[in-house]
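Okay, structure first, notes after.
Note that the numbering runs from 1 along the sequence shown for the chain.
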Amino acid sequence: MTTTITTREAHQIAAANASGRPTALLVHGLWLLAESWDAWKTRLEDAGYAVVVAEWPHEVEDVATARRDPSFFAGVGVGEVTDHVAEVAAALTRKPLLIGHSFGGLLVQRVADRGLASATVAIDPAPFKGVLPLPASTLKASFPVLGNPANRKRTVTLTFNQFRYGFANAVSEDEATALYEAHHIAAPGRPLFQAATANVNPKAATALDVTNPERGPLLVISGEKDTIVPRAIAHAAYRLQSRNAAPTEFVELDGRGHSLTIDSGWVEVADTALAFAARHAGVPAVA
C-alpha cells in the first residue's frame with residue numbers, strides 16, 4: 001500500500017517513536033501551513049512531548065513557496081486530509097494527543113473517532129455533520145469562498161480585510177498585518193463547501209460518531225470573539241460530543257479570535273490544552 005506520509009513527517013514520527021515520550025500530533029486548518037505550529041512544537045517539547053506536525057496532502061514547505069504557486073491545495077477535501085492524518089497517527093507507537101485548529105479541529109475529532117487518540121483538543125473547530133448553528137458572522141467570514149461555486153475546485157486567497165474580519169479581529173491592526181504577512185496562504189475551497197452542505201448530504205465528509213466509545217477524552221476550546229467559528233458553533237459541537245462516555249469539556253477563552261493559535265496570546269491556548277492532557281492523558285502540564 002502506498003503511504004501518504006511525507007519525508008518530513010516520517011522523520012518526526014521516527015524521532016517520536018524512538019524517544020519513548022508521549023506524542024502530540026498537531027493539525028492546522030485553512031489558510032495556514034504546518035509551520036504555523038512552530039512555537040507550539042517548542043512549548044510541547046518543553047512539556048515532555050515528542051511532537052509531530054501533520055501536513056495536508058500536497059502541502060509545500062513554507063509560505064514563500066505557497067505564495068509562488070497558490071493552486072497547490074486545489075481540490076483537497078476533508079476525507080483525504082482525515083485519511084492522511086489518521087495514517088500519521090497510526091504510525092506512532094503511542095496514541096497521540098491530537099490538537100487541531102479550525103478545520104484541523106474538525107479533522108482531529110474525526111481521527112479520534114477512529115480510535116487513534118489518547119486525548120483530543122479541538123480549537124475553534126469547523127463544524128461536523130449535525131452541528132446546526134449558522135451565525136451571520138460565519139456566513140460573512142466564509143463568503144469569500146462560498147460566494148462563488150467555482151471555488152469548490154480552486155484555492156482562495158483572502159484579502160487583508162477579509163483576514164482581519166475572519167481571523168484577526170481580536171488583535172491590533174499592527175499584529176493583524178504581521179500575522180497576514182507571516183502566515184496567510186491560499187486555501188482549498190472544497191472543505192468549506194463540504195462543511196456547508198453536510199447537514200443535507202447523507203454521505204457528508206464531515207460526519208463522525210459522537211457516541212463512539214473509542215473516541216477518548218475531548219476538549220473543545222472556543223475564542224470568545226471568533227467570527228468564523230463563534231461560540232454557537234463550538235458549543236454545539238461540544239453538546240453533541242457530550243453524548244460520548246469519555247470526558248468531554250468546553251473552555252471559552254475571553255477576548256480571543258480565530259487567530260488564537262498564532263497570535264501573541266497563543267501560550268494561553270497551548271497551556272489550556274496541556275492542562276487538559278495532564279488531567280486526562282496522564283502527562284504532566286508544563287511548569
Are side-chain N/O atoms of T3 and E87 paired as donor and acceptor at under 3.5 Å? yes

Please test F72 against H58 for ring-ring contact (aromatic ring centres under 6.0 Å, His included), starting from the C-alpha separation and ending with a verdict. CA-CA 6 Å; F72 68 93; H58 312 301; 8.7 Å; no

Hey, quick one: are I233 and L218 part of the same hydrophobic cluster, counting side-chain heavy atoms closer than 4.5 Å, chains of contacts allowed? no

Answer whether the closest heavy-atom distance between the side chains of D271 and R43 falls below 4.5 Å. yes

For the side chain of T206 and the backbone of K129, is there at least one donor-acceptor N/O pair under 3.5 Å apart? yes

Quick one: does any side-chain atom of S19 pair with a main-chain N or O of R21 as donor and acceptor, under 3.5 Å? yes

side-chain contact (heavy atoms from CB on, under 4.5 Å) between L208 and V210, worked out: CA-CA 6 Å; L208 53 84; V210 296; 3.5 Å; yes

I'd like to know if the side chain of Q162 pairs up with that of H184 as donor and acceptor (distance under 3.5 Å, no hydrogens or angles considered). no

Does a donor on one side chain and an acceptor on the other come within less than 3.5 Å for R215 and Q241? yes

Salt bridge check: are D254 and K225 linked by an N-O gap of less than 4.0 Å? no

Shortest non-hydrogen pair, G166 vs I228, comes out as O-CG2, 3.6 Å

Between E249 and H280, do the side chains contain a donor N or O and an acceptor N or O under 3.5 Å apart? yes

With a 4.5 Å cut-off on side-chain heavy-atom distances among I, L, V, M, F, W and Y, is there a chain of contacts connecting W31 to L26? no

Does any N or O in the side chain of T227 come within less than 3.5 Å of the main-chain N or O of Y165, such that one atom is a donor and the other an acceptor? yes

If hydrophobic clusters are built from ILVMFWY residues whose side chains come within less than 4.5 Å, do L98 and L240 share one? yes

Heavy-atom distance under 4.5 Å between the side chains of T157 and T155, does that happen here? no

Can you tell me if S222 and R256 form a side-chain donor-acceptor pair at under 3.5 Å? no

Check: R239/S242 side-chain N/O donor and acceptor closer than 3.5 Å: no

Can any side-chain N or O of K153 pair as donor or acceptor with the backbone N or O of G189 at less than 3.5 Å? no

Does the N151 side chain pair with the main chain of R190, one donor and one acceptor, at a distance under 3.5 Å? no

Side chains of H183 and S36: do they bring a donor and an acceptor to under 3.5 Å? no

Salt bridge (Lys or Arg N to Asp or Glu O under 4.0 Å) partners of residues 165-186, not counting sequence neighbours, each pair once: R164-E173

Would you check if the side chain of R110 reaches a backbone N or O of A205 as a donor-acceptor pair within less than 3.5 Å? yes

Closest heavy-atom contact between V53 and Q12? N-OE1, 2.8 Å

Between E252 and R231, is the closest basic N to carboxylate O distance under 4.0 Å? yes

Kindly determine whether T6 and E55 satisfy side-chain hydrogen bond (donor to acceptor under 3.5 Å, both in side chains), including the steps that lead there. CA-CA 8 Å; T6 68; E55 302 171 38; 3.0 Å; yes

Within one Ile-Leu-Val-Met-Phe-Trp-Tyr cluster: L106 and L219, side-chain cutoff 4.5 Å: no

Judged by atom type as modelled, is there a donor-acceptor pair below 3.5 Å linking the side chain of H101 to the main-chain atoms of G105? no

For R243 and T211: C-alpha separation, side-chain torsions, deciding distance, then whether side-chain hydrogen bond (donor to acceptor under 3.5 Å, both in side chains) applies. CA-CA 6 Å; R243 299 174 184 174; T211 64; over 6 Å; no

Within the structure provided, determine whether L33 and V63 are in side-chain contact (heavy-atom separation under 4.5 Å). yes

Could you tell me whether F160 atom CZ has more than 12 heavy atoms of other residues or ligands within 6.0 Å of it? yes

